[in-house]
Amino acid sequence: MRAILLGAPGVGKGTTAGLLVEHYGVVHISTGDMFRSALKNETKVGLVAKSYVEKGLLVPDNITNDLVEERLLSDDVKNGFLFDGYPRNLFQAEEFDKILKNKNWNLDAVIYITASDECVIERIAGRRVCPKCGAVYHITNIPPKVSDICDNCGTTIIQRKDDSKETVLDRLRIYKEQTKPLISYYEAKGLLVEVDGSKNVELTFKQIKEKFKG
Ligand code: ADP
Ligand code: ZN
């Protein structure tokens with residue numbers, strides 16, 4: 001499988017990706033995770049990306065595209081990949097097409113996960129993450145066993161800076177303006193697979209398995 005997950009922030013791309021990569025035996029490539037780890041490690045990319053990521057703005061396209069191109073040089077992508085959070089605008093999508101073309105690779109599917117604005121806002125408001133191991137929780141839907149403590153590593157879980165109320169609406173606006181045009185872009189290429197993400201992650205996963213026979 002060589003595929004992309006498309007959908008609003010908070011729609012569950014990351015959690016769904018976790019199930020999909022296990023099922024299909026491919027690697028999960030989240031540009032958001034890559035930027036957050038670059039920030040944490042204070043790499044050159046991290047220092048440039050910091051202000052954008054914290055404000056919920058898109059990191060400049062050339063930096064993002066370069067990061068992706070470099071990531072695709074690794075051996076582990078040979079059996080397939082699932083992108084999550086990339087491409088995020090038309091320019092990135094066109095650049096991604098070129099990167100894949102150079103490698104003689106085709107995309108199999110663009111999985112578009114849908115949910116209402118209210119639904120994604122509620123999910124983001126309740127989202128908590130482990131700053132140490134990256135595990136993701138939700139205060140009511142997926143709470144840790146012990147309140148505020150990561151099940152995996154015992155670290156106190158926190159809210160991502162860009163999950164704050166003020167930033168969420170900006171991220172949704174940017175998604176609508178810049179990322180939503182990708183739906184018709186990939187629909188025209190016959191790649192779009194649309195699934196309902198408004199219930200739970202198992203149901204999203206089930207729909208994808210039914211609709212994508214790859
Ligand atoms: P979300 O929960 O909004 O899907 P992500 O974890 O995908 O968040 O991304 C977090 C942040 O990382 C974005 O708000 C943006 O600053 C940066 N980022 C991630 N992917 C991209 C991309 N493809 N282009 C530009 N910036 C990106
Ligand atoms: Zn943890």
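Keep in mind that what you see is a predicted model, and the values were worked out from it rather than measured.
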Side-chain heavy-atom pair Lys209, Leu19 within 4.5 angstrom cut-off: no

Interatomic spacing from CZ in Arg2 to CG in Leu100 - rounded to 0.5 Å: 8.0 Å

Distance (rounded to the nearest 0.5 Å) between Thr204 OG1 and Asp196 CG: 7.0 Å

Check: Lys40 side chain, Pro131 main-chain N or O, donor-acceptor pair, under 3.5 Å: yes

CG-CZ distance between Asn62 and Phe91, expressed to the nearest 0.5 angstrom: 8.0 Å

Exam field: side chain Lys13 to backbone Gly85, donor-acceptor pair closer than 3.5 Å: no

Test log, rule side chain to side chain contact (heavy atoms under 4.5 Å, CB included), inputs Arg128 and Asp163: CA-CA 9 Å; Arg128 298 292 180 273; Asp163 279 351; over 6 Å; no

Chi angles and distances behind the side chain to side chain contact (heavy atoms under 4.5 Å, CB included) call for Asp61, Glu95: CA-CA 9 Å; Asp61 291 331; Glu95 207 49 42; over 6 Å; no

Check: Arg88 main-chain N/O paired with Thr179 side-chain donor or acceptor under 3.5 Å: yes

Working for side chain to side chain contact (heavy atoms under 4.5 Å, CB included), residues Ile124 and Arg171: CA-CA 11 Å; Ile124 292 179; Arg171 281 164 60 203; 4.1 Å; yes

Between CG on residue Leu182 and CD1 on residue Ile4, distance to nearest 0.5 Å: 8.0 Å

Closest contact, heavy atoms only, Val77 versus Arg71: CG1-NH1, 3.6 Å

Parallel, tilted or perpendicular: rings of Tyr86 and Phe83 (30°, 60°): tilted

Cluster check Ile99, Leu82: I/L/V/M/F/W/Y, side chain < 4.5 angstrom: no

Over 12 non-hydrogen atoms of neighbours within 6.0 angstrom of CD in Glu42: no

Distance in Å, Asp170 CG paired with Thr167 OG1, rounded so as to fall on 0.5 Å steps: 6.5 Å

Closest contact, heavy atoms only, Lys199 versus Arg123: O-NH2, 3.2 Å

Any side-chain heavy-atom pair of Met1 and Ile111 under 4.5 Å: yes

Atom CD of Gln159 with >12 non-hydrogen neighbours under 6.0 angstrom: yes

Atom pair CD1/CG of Ile121 and Leu169 - distance to nearest 0.5 Å: 5.5 Å

Heavy-atom neighbours of Glu70 CD exceed 12 at 6.0 Å: no

Smallest separation among heavy atoms of Val11 and Ala115, with atom names: CG2-CB, 3.7 Å

Check: Thr31 and Gln92 side chains under 4.5 Å, non-hydrogen atoms: no

Side-chain donor/acceptor of Asn41 to backbone N/O of Thr43, under 3.5 Å: no

Heavy-atom side-chain proximity of Lys103 to Leu73 below 4.5 angstrom: yes

Minimum-distance pair of heavy atoms, taken over all atoms of Thr16 and Gly12: OG1-O, 2.6 Å

Donor-acceptor contact below 3.5 Å, side chain Asp151 vs main chain Lys145: yes

Smallest separation among heavy atoms of Val21 and Val27, with atom names: CG1-C, 3.8 Å

Indicate every side-chain donor-acceptor pair of residues 183-195 with a distance under 3.5 Å to a residue at least two apart or in another chain.
residue	atom	partner	partner atom	Å
Ser184	OG	Pro181	O	3.3
Tyr185	OH	Asp97	OD2	2.4
Lys189	NZ	Asp97	OD2	3.3

ILVMFWY cluster, Ile113 and Val26 together (side-chain gap under 4.5 Å): yes

Considering all heavy atoms, the nearest Phe35-Ala49 contact: CD2-CB, 3.8 Å

Side-chain heavy atoms of Asn65 within contact of Phe96, under 4.5 Å: no

Chi angles and distances behind the salt bridge (Lys or Arg N to Asp or Glu O under 4.0 Å) call for Glu210, Lys206: CA-CA 6 Å; Glu210 282 166 6; Lys206 188 166 165 263; 3.7 Å; yes

Connected via hydrophobic side-chain network under 4.5 Å: Ile149 and Ile142: no

Residue Lys132 excluded, over 12 heavy atoms near NZ under 6.0 Å: no

Hydrophobic cluster membership, Val136 vs Ile157, 4.5 Å side-chain cutoff: no

Derivation of the side chain to side chain contact (heavy atoms under 4.5 Å, CB included) call for Glu122 and His138: CA-CA 10 Å; Glu122 192 274 329; His138 185 282; 3.5 Å; yes

Ring geometry between Phe212 and Tyr24 (parallel below 30°, tilted from 30 to 60°, perpendicular above 60°): perpendicular

Within 6.0 angstrom of Lys50 NZ, more than 12 heavy atoms from elsewhere: no

Hydrophobic cluster membership, Phe81 vs Tyr112, 4.5 Å side-chain cutoff: yes

